[in-house]
Amino acid sequence: MPSMVIVGAQWGDEGKGKLTDYLTNKADVVVRYQGGNNAGHTVEVDDQQYKLQLIPSGILHADKLNIIGNGVVIDPEAFLGEIKKLHDRDIPTSNLKISDRAHIILPYHKKIDELSEIRRGSNDIGTTKKGIGPAYMDKTERIGIRVCDLMKKDVFAERLKQNIEIKNQYLKEIFGFEGYSYDEVLEKYLQYAEQLRPYVADTSVLVYNSIKANKRVLFEGAQGTLLDLDYGTYPYVTSSHPVAGGVCVGAGIGPSMIQKAVGVVKAYTTRVGKGPFPTELHDSTGELIRQKGFEFGTVTGRARRCGWFDAVIVRYAARISGLTGLAITKLDTIAGFDKVKICVGYKINNEIIRDFPASIEDLAECEPIYEEFNGWEDVSNITEYKKLPTNLIRYLERIEELCETRISILSVGPKRDQTIVIEEF
Ligand code: IMP
């Protein structure tokens, strides 16, 4: 496996954690390049379930190097909490490094996220309230505080002082919230600094050297294409770049150093939070998919909205990220249905479109055009492509055709051995 990026090709929660964990077997280095602890991955290894948010899934393999790149925003409290949970289960973390250029999340980011959502009322974005958006806002406003700043006591004390004054004023005037004590935040974060210190490195150098040394590097995307700040259903998006292009900036390498990009998609579509969703099912079929697929958020526990596979979306994701393959997960969830559907285009103002529109107002008007397929029975024990039911093979071949991308891998259940590899990486 050369260097490869795994991206979510829908609205997140596509099963990237399991796939990354599976591919980690073949990788030497696993890198997170954007987002933060708004992501949630559930990985099963040897009948043990692990829930990871910030730390790459490769941490469950002691011999792999795991990297949190500069494009990630790090909440030290959440990071250290995750480390503790791993240590409690005897998983070592000496094979983990975090970028000295990554920005950190402070208590006021989380509070601003929470209060802004309340203030938006029925127009809320449905964020995870982890402070992700406000931390990226500070980064672009050039007042953010980075890991390298936190490592220098005087620099951190000075930057925090400047920031906390402005943030407290903002919190008080806009939201009537009293704000934070400088001394308390300073003391707490200086303690975090010492706990973070052993993990801090210039991770761009580590990634570059790994690729130069022909190591196999896996870039683990979080969220999904339709939550990308530029390409997603703006403003119902996250504040970073989950698309493959996000790797270059978020891990500090050039595009020529990435050889493959695999898009992970569910055999159907889900999304959490708000915003238009053309193939959403509001009926008992949607509910059945939710229950069978355990479609509840790993981070927030919210019920996910469910609908049929939307080939317009996945074709768009394939184009934006230059996908070289698709990984289709949760084929077992939609087994046992009499009929299944794929959305092949949208109808809007009596016109048929096949390219994903920019405006969410247009998207809300789009009516899905479906092709219907006969269903298939349980596939959770099948380990070879040619043994899959004919109806399922028809469904998969149509997806390949519509999305103009080959399917590389299929997942028929949560366990590692419930994976069918079509094309080796
Ligand atoms: P934020 O990333 O917390 O700012 O939330 C912005 C939007 O992204 C909301 O709609 C969230 O529900 C969504 N979101 C963020 N992280 C994830 C994820 O890992 N999976 C699915 N949706 C997510």
Side-chain angles (χ1 to χ4, degrees), residues 6-20 32-43 51-57 68 71-75 78 82 103 105-106 108-120 122-140 220-243 246 250 263-266 268-277 280 290 293-307 313 317 329-330 360 363:
I6 293 178
V7 302
Q10 293 162 324
W11 270 290
D13 310 316
E14 299 93 348
K16 295 181 295 294
K18 177 192 157 172
L19 193 81
T20 307
R32 270 282 304 268
Y33 58 92
Q34 49 70 231
N37 60 321
N38 49 350
H41 288 163
T42 306
V43 183
K51 286 187 191 296
L52 298 166
Q53 288 185 241
L54 195 52
I55 297 177
S57 309
I68 298 181
V72 175
V73 284
I74 299 175
D75 178 342
E82 224 170 298
H103 282 244
I105 297 180
L106 286 125
Y108 45 78
H109 292 132
K110 292 185 254 189
K111 192 48 96 180
I112 291 171
D113 198 356
E114 179 198 325
L115 296 177
S116 304
E117 279 287 87
I118 295 172
R119 194 159 186 264
R120 288 182 197 114
S122 60
N123 290 324
D124 64 332
I125 297 166
T127 74
T128 57
K129 302 191 179 72
K130 303 284 182 190
I132 308 292
Y136 279 116
M137 280 163 69
D138 280 5
K139 176 176 176 173
T140 45
E220 176 184 11
Q223 290 86 44
T225 304
L226 294 190
L227 291 171
D228 185 278
L229 186 57
D230 275 70
Y231 297 103
T233 41
Y234 192 91
Y236 298 104
V237 292
T238 193
S239 312
S240 64
H241 295 290
V243 299
V264 188
V265 293
K266 276 178 187 158
Y268 47 95
T269 312
T270 64
R271 88 169 291 185
V272 281
K274 297 216 171 178
F277 173 0
E280 182 169 13
R290 180 157 41 248
F294 308 108
E295 294 298 353
F296 298 90
T298 322
V299 177
T300 58
R302 284 180 292 181
R304 295 181 185 138
R305 299 156 64 193
C306 300
I313 287 175
T329 66
K330 294 205 147 182
I360 55 162
L363 187 64

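Every number for a ligand or one of its atoms is a count from 1 in the order of the listing. If you read the sequence from its start, that first residue is 1, and numbering goes on from there. Small disclaimer: the values here were computed from a predicted structure and weren't measured.
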Item checked: Where ligand 1 meets R302 - atom numbers and elements under 4.0 angstrom, heavy-atom basis -> 12 (O)
Note to self: Side chain or backbone, does T128 bring an N or O within less than 3.5 Å of an N or O on ligand 1?
What the structure shows: yes
Checklist line | Polar side-chain atom of Q53 near backbone of A78 as donor-acceptor pair, under 3.5 Å | finding: no
Checklist line | Contact atoms of ligand 1, heavy-atom distance to G126 under 4.0 Å | finding: 9 (C), 10 (O), 11 (C), 12 (O)
Next item on the list: Run the numbers for me: atoms of ligand 1, each under 4.0 Å from some heavy atom of I125, listed by number.
Entry: 10 (O)
Next item on the list: Starting from atom 2 (O) of ligand 1, locate the nearest protein heavy atom and write down its residue, its atom name and how far away it is, to 0.1 Å.
Entry: T238 OG1, 2.6 Å
Check: Are any of the N/O atoms in K274 less than 3.5 Å from those in ligand 1?
Finding: no
Item checked: Nitrogen or oxygen atoms of L227 and ligand 1 under 3.5 Å apart -> no
Check: Between D113 and ligand 1, which part of the residue brings a heavy atom under 4.0 Å of the ligand: side chain, backbone, both or neither?
Finding: neither
Notebook entry, point to check: Counting from 1, what ligand 1 atoms have a heavy atom of W11 closer than 4.0 Å?
Noted result: 21 (C), 22 (N)
Next item on the list: Check step by step if side-chain hydrogen bond (donor to acceptor under 3.5 Å, both in side chains) holds for H103 and D138.
Entry: CA-CA 9 Å; H103 282 244; D138 280 5; over 6 Å; no
Next item on the list: For ligand 1, indicate whether the residue R304 contacts it via side chain, backbone, both or neither (heavy-atom separation under 4.0 Å).
Entry: neither
Next item on the list: Flag Q223 as yes when one of its N or O atoms lies below 3.5 Å from any N or O atom of ligand 1, and as no otherwise.
Entry: yes
Margin query: I'd like to know if the side chain of E14 reaches the main chain of G12, judged simply by a donor and an acceptor atom lying under 3.5 Å from each other, with no hydrogens or angles considered.
Written below: yes
Next item on the list: Report yes if the side chains of Y136 and S240 come closer than 4.5 Å at any heavy-atom pair, otherwise no.
Entry: yes
Notebook entry, point to check: Would you say the side-chain atoms of R120 pair up with the backbone N or O of S122, donor to acceptor, closer than 3.5 Å?
Noted result: no
Next item on the list: Examine distances only and state if a side-chain atom of R305 and a backbone atom of G273 form a donor-acceptor pair shorter than 3.5 Å.
Entry: yes
Note to self: Would Y236 count as a polar contact of ligand 1, with the cut-off being nitrogen or oxygen pairs under 3.5 Å?
What the structure shows: no
Margin query: For D228, is there any backbone N or O sitting under 3.5 Å from a side-chain donor or acceptor partner on Y234?
Written below: no
Check: Among protein heavy atoms, which lies nearest atom 5 (O) of ligand 1, and at what distance?
Finding: T127 CA, 3.3 Å
Notebook entry, point to check: Does any donor atom in the side chain of D113 or T127 lie under 3.5 Å from an acceptor atom in the other side chain?
Noted result: yes
Next item on the list: Provide the number and element of each atom of ligand 1 under 4.0 Å from a heavy atom of V272.
Entry: 10 (O), 12 (O), 21 (C), 22 (N)
Check: Does K18 have any salt bridge (Lys or Arg N to Asp or Glu O under 4.0 Å) partners at least two apart in sequence or in another chain, and if so, which?
Finding: none
Next item on the list: Looking only at protein heavy atoms, identify the closest one to atom 7 (C) of ligand 1 and say how far it is in Å.
Entry: V237 O, 3.7 Å
Checklist line | Electrostatic pair D13:R304 at N-O distance under 4.0 angstrom | finding: yes
Next item on the list: For atom 21 (C) of ligand 1, find the nearest protein heavy atom and state the residue, atom name and distance (0.1 Å precision).
Entry: D13 OD2, 3.1 Å
